[in-house]
Enquirer: 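Handing you this structure, nothing more for now.
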Amino acid sequence: MAGVIAVLEQRDGVLKRVSHEALTAARSLADALGGEAHALIMGPAGMDAGEVGTYGAEKAFVTADDALTLYQADHYAHIAAGRVQAGDYAAVIVPATALGKDLAPRIAAKLACPLASDVTSVTHDGAIVVTRPVYAGKANYTLKITAQPCVISLRPNAVMPAEAKRDAALEQVPAAGGDKAATARTLAVKQPERAAQDVAEASVVVAGGRGLKDAESFKLIEDLAEAVGGAVGASRAVVDAGWRSHAEQVGQTGKVVSPNLYFAIGISGAIQHLAGIRTAKTIVAINKDPDAPIFKVADYGIVGDLFAIVPRLTEEINRAKEG
Amino acid sequence: MKIAVCIKRVPDSEARIKVGADGKSIDESGVKFVLNPYDEYAVEEALRLKEAAGAGDVVVVCVGPEAAQETIRTALAMGADTGVLLRANAVGLDPLPVAQALAAELKDGGYDLVLCGKMAIDDSSHSVGPMVAELLGLPCVSAATHLEIADGAGKAEREVEGGVEVVEFALPAVITADKGLNEPRYPALRGIMMAKKKPLETKDAALEAGDIEVVNLTPPAERKAGRIVGEGPDAVPALVEALRNEAKVL
Ligand SMILES: Cc1cc2nc3c(=O)[nH]c(=O)nc-3n(C[C@H](O)[C@H](O)[C@H](O)COP(=O)(O)OP(=O)(O)OC[C@H]3O[C@@H](n4cnc5c(N)ncnc54)[C@H](O)[C@@H]3O)c2cc1C
Ligand SMILES: Nc1ncnc2c1ncn2[C@@H]1O[C@H](COP(=O)(O)O)[C@@H](O)[C@H]1O
């Protein structure tokens, strides 16, 4: 039977959480198909691929080469498409991260096969069926993919990683393979001064809006984010004002996030902002305006002055952690 | 410099989206359609590159219905030189056929650069640009927030989780535009007048059906009504309690 292959993502040689999610989705789809779940890992020499068996892969192909430490689009796509062609796969699952959103269409184009991007579920019902939010989350498509193989990119945090122990056989595959000279080359990844969690991947996001009044007040948001171990997010209004970087913007023209817990603080809840948080599991709103639209989607709200509420909340959470 | 910009006609970001009677597509009545916001960045970048070079040709290409002529005119009003509409009444959910139609149109055009948006805000697929690049065998940087072109080569930056990737490439290349790349201009009245006289070629797109079928389109699950825990800082303990013991997220 045809199987499923997950193309995993690492950073500094360590698999990211989104890779565990892709493996989990691959395992459950492979079970439905009656096939095997495999993994492909590309990254630096000496990286550790051991944990793939934990999430249910029977086999992992490992291409560990220092030329692949950073994402090199042409090289990665060449290796991945070649691997899919060398096996018998019904589906290729890629995390829908910055890397995966770039890689998935390249693989699909090389294989001339269908692609479903940024899906929130993958099932099997005679054919592979996926759901994907469209129109900035204002509607969801349920789609049936009618050709094999197909490529699917999986939205971060949409699938909970589930352990399913297998003795994964690791097969080292050299990076050579094809002599296509890379036509684009990633030279470096510039890191921000303060290494921060990414809003799109974090399981807790503390987002602030224009209600903060100025850039300095974002210290309140940063402190709360630190207390809850979360990432800082921002509305477009504050990004446009230059208070925060675009990397933190949540919403239609920013990032779509699906954290377990989302704090919207001093954010009104404009439709374009809500587009980015529709799949958040729990939303907390803090706003002085009881009629702010954010309260219509929030699970919990506090009405009042954020400058009084947020420090108290940070304090309370820090205390709860200690007790 | 000869630059192609791929543009799509999409519902306005403010549009209320209702599911149509077929249960598989949106009800288009009353929906305002616009040039995809990310494609505005792409058009703007093309115009700036042309202006910086002092000469050049900016061609916008769109796969879409007859009504997309209006979308093309918007790009022409911004300053693009000519437009091509590859007419297709229905564009499906599989991005490959659209990429194939665009690649076929661009292949022998002698373009130095192909610009796309990072994604279309309707299907949010984020795919067509890199696919076109693969089909044409060109280098590609997707979701670029910064672009420099000089002497037949370029350097672009793209935001990734926790950093900014710096990518170097040779021309011709495909670049997809993210917010932050530039600030798109508004078409001036003169531009709008001139756009009416600019060449716009319309031909039928030979669009394959693709291998993705729509089962249904549904509104998102309503979030169940939440509750106001209280007012002011005194409500904080109740919130923390609810987050810990009810939602179990702390
Ligand atoms: C094409 C397009 C794309 C867009 N994309 C995005 C996007 O990706 N993300 C996004 O966020 N927006 C986006 N927007 C912008 C969006 O429409 C809103 O303008 C924006 O989200 C507003 O940001 P805000 O909530 O921070 O500010 P405001 O709407 O000004 O809200 C500030 C809130 O703070 C509250 N407040 C003020 N003072 C206090 C206080 N002391 N204590 C408590 N509360 C207080 C106010 O009651 C108010 O509700 C987009 C718009 C367009 C047209
Ligand atoms: N029908 C289309 N016609 C022309 N360009 C398109 C079309 N669909 C997508 N594109 C281009 O590809 C980008 C990404 O779209 P998508 O992959 O659909 O999210 C868009 O911003 C456009 O630049």
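Sequence lines set the chain letters: A, B, ... in the order given, protein chains first and strands last, and positions in each chain run from 1.
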Enquirer: If you count every heavy atom of other residues, nucleotides or ligands that lies below 6.0 Å from A/D12 atom CG, does the total exceed 12?
Expert: no
Enquirer: Under the salt bridge (Lys or Arg N to Asp or Glu O under 4.0 Å) test, which residues partner B/D211, sequence neighbours left out?
Expert: none
Enquirer: Side chain of A/R106, backbone of B/A133: donor and acceptor closer than 3.5 Å?
Expert: no
Enquirer: Report the option among A/V204, A/V284, A/D118, A/T279 that has the most heavy-atom pairs separated by less than 4.5 Å from atoms of chain B.
Expert: A/V284
Enquirer: Go through the atoms of A/V228 and report whether side chain, backbone, both or neither lie under 4.5 Å from a heavy atom of chain B.
Expert: side chain
Enquirer: Can you tell if the side chain of B/V240 reaches within under 4.5 Å of the side chain of A/R319, non-hydrogen atoms only?
Expert: no
Enquirer: With a 4.0 Å cut-off, would you call B/K179 and A/D240 a salt bridge?
Expert: yes
Enquirer: Which bit of A/D305 is near chain B, if near means a heavy-atom gap under 4.5 Å: side chain, backbone, both or neither?
Expert: neither
Enquirer: Please identify each residue that fulfils side chain to side chain donor-acceptor pair (under 3.5 Å) with B/E213, with sequence neighbours left out.
Expert: none
Enquirer: Within this structure, what is the CD1-CG distance for the pair A/I309 and B/L239, rounded to the nearest 0.5 Å?
Expert: 9.5 Å
Enquirer: Given that the side chain runs from C-beta out, which part of B/D234 has a heavy atom under 4.5 Å from chain A: side chain, backbone, both or neither?
Expert: both
Enquirer: Salt-bridge test for B/E165 and A/K190: reply yes if a basic N is under 4.0 Å from a carboxylate O, no otherwise.
Expert: no
Enquirer: For each of A/L313, A/V129, A/I271, A/N260, tally heavy-atom pairs with chain B at distances under 4.5 Å, and name the one with the top tally.
Expert: A/L313
Enquirer: Out of B/G226, B/G154, B/P233, B/A103, which one racks up the most heavy-atom pairs below 4.5 Å with chain A?
Expert: B/P233
Enquirer: With a 4.5 angstrom heavy-atom cut-off, is it the side chain or the backbone of B/K18 that approaches chain A, or both, or neither?
Expert: neither
Enquirer: Tell me, for B/L217 versus chain A, whether the close heavy atoms (under 4.5 Å) come from the side chain, the backbone, both or neither.
Expert: both
Enquirer: Tell me, for A/F295 versus chain B, whether the close heavy atoms (under 4.5 Å) come from the side chain, the backbone, both or neither.
Expert: side chain
Enquirer: For B/A15 and A/K138, which heavy atoms make the closest approach, and how far apart are they?
Expert: O-NZ, 2.7 Å
Enquirer: Under 4.5 Å from any heavy atom of chain A, what part of B/I121 do you find: side chain, backbone, both or neither?
Expert: both
Enquirer: Looking only at heavy atoms and a cut-off of under 4.5 Å, which of B/C140, B/A238, B/G210, B/A221 has the most pairs with chain A?
Expert: B/C140
Enquirer: Would you mind telling me which of A/V134, A/L187, A/L103 has the largest number of heavy-atom pairs within less than 4.5 Å of chain B?
Expert: A/L187
Enquirer: Restricting to side chain to side chain donor-acceptor pair (under 3.5 Å), what partner residues turn up for B/S127, sequence neighbours left out?
Expert: A/S117, B/S125
Enquirer: Look at the side chain of A/K101 and the backbone N and O of B/A143, then say whether any donor-acceptor pair between them is shorter than 3.5 Å.
Expert: no
Enquirer: Measure the CG-CD1 distance between B/L243 and A/I317 for me, rounded to the nearest 0.5 Å.
Expert: 7.0 Å
Enquirer: Can you see whether A/N140 engages B/T218 through a side-chain donor-acceptor pair at a distance of less than 3.5 angstrom?
Expert: no
Enquirer: At a heavy-atom distance under 4.5 Å, which candidate from B/S124, B/P130, B/G163, B/P220 has the highest pair count against chain A?
Expert: B/P220
Enquirer: Taking 4.5 Å as the heavy-atom cut-off, does anything in residues 34-43 of chain B contact chain A, and if so which residues?
Expert: B/Y38
Enquirer: Mind ranking B/D123, B/T176, B/V19 by heavy-atom pairs under 4.5 Å with chain A and telling me who comes out on top?
Expert: B/D123
Enquirer: Run B/R16 and A/Y135 through side-chain contact (heavy atoms from CB on, under 4.5 Å) and show every step you take.
Expert: CA-CA 10 Å; B/R16 199 169 265 291; A/Y135 299 101; over 6 Å; no
Enquirer: Distance only, no hydrogens: is a donor on one side chain within 3.5 Å (strictly under) of an acceptor on the other, for B/E14 and A/Q272?
Expert: yes
Enquirer: Against chain A, label B/P237 side chain, backbone, both or neither, depending on which of its atoms sit under 4.5 Å from a heavy atom there.
Expert: both
Enquirer: Examine whether an atom of B/A242 lies under 4.5 Å from a heavy atom of chain A, and if so say whether it belongs to the side chain, the backbone or both; otherwise answer neither.
Expert: both
Enquirer: Need one label for B/L96: side chain, backbone, both or neither, based on atoms under 4.5 Å from any heavy atom in chain A.
Expert: side chain
Enquirer: Counting only non-hydrogen atoms closer than 4.5 Å, does A/I128 touch chain B with its backbone (N, CA, C, O), its side chain (CB onward), both, or neither?
Expert: neither
Enquirer: Taking every non-hydrogen pair under 4.5 Å, which of A/K255, A/K288, A/R132, A/R11 racks up the most with chain B?
Expert: A/R132
Enquirer: Let me know if A/A275 has heavy atoms under 4.5 Å from chain B in its side chain, its backbone, both or neither.
Expert: neither
Enquirer: For the interface with chain B, which of A/L99, A/L70, A/L306, A/D102 has the highest count of heavy-atom pairs at distances below 4.5 Å?
Expert: A/D102
Enquirer: Please look at B/A99 and chain A and tell me whether the side chain, the backbone, both or neither of the residue comes under 4.5 angstrom of a heavy atom of that chain.
Expert: neither
Enquirer: Please find the pair of heavy atoms, one from A/T183 and one from B/P139, that lie closest to each other, and give the distance.
Expert: OG1-CB, 3.5 Å
Enquirer: Below 4.5 Å, heavy-atom pairs only: which of B/L250, B/L135, B/V160, B/I26 has the largest tally toward chain A?
Expert: B/I26
Enquirer: Side chain, backbone, both or neither: which part of B/V229 has a non-hydrogen atom closer than 4.5 Å to chain A?
Expert: both
Enquirer: Between B/K118 and A/G254, what is the shortest heavy-atom contact and its length?
Expert: NZ-O, 4.5 Å
Enquirer: Short question: side chain of B/E161, backbone of A/A200 - any donor-acceptor pair under 3.5 Å?
Expert: no
Enquirer: For A/C113, which atoms come within 4.5 Å of any heavy atom of chain B: side chain, backbone, both, or neither?
Expert: backbone
Enquirer: When you measure from the side chain of B/R227 to the backbone N and O of A/A298, does any donor-acceptor pair fall under 3.5 Å?
Expert: no
Enquirer: Do the non-hydrogen side-chain atoms of A/Y300 and B/E246 ever get within less than 4.5 Å of each other?
Expert: yes
Enquirer: Locate the shortest heavy-atom distance separating B/S25 from A/Y141; write the atom from each residue and the value.
Expert: CA-OH, 4.4 Å
Enquirer: Let's test your reading of the structure: which of B/A170, B/P11, B/P97, B/P95 forms the most heavy-atom pairs below 4.5 Å with chain A?
Expert: B/P95
Enquirer: Please look at A/Q252 and chain B and tell me whether the side chain, the backbone, both or neither of the residue comes under 4.5 angstrom of a heavy atom of that chain.
Expert: both
Enquirer: So for A/Q249, is it side chain, backbone, both, or neither that comes closer than 4.5 Å to the heavy atoms of chain B?
Expert: side chain
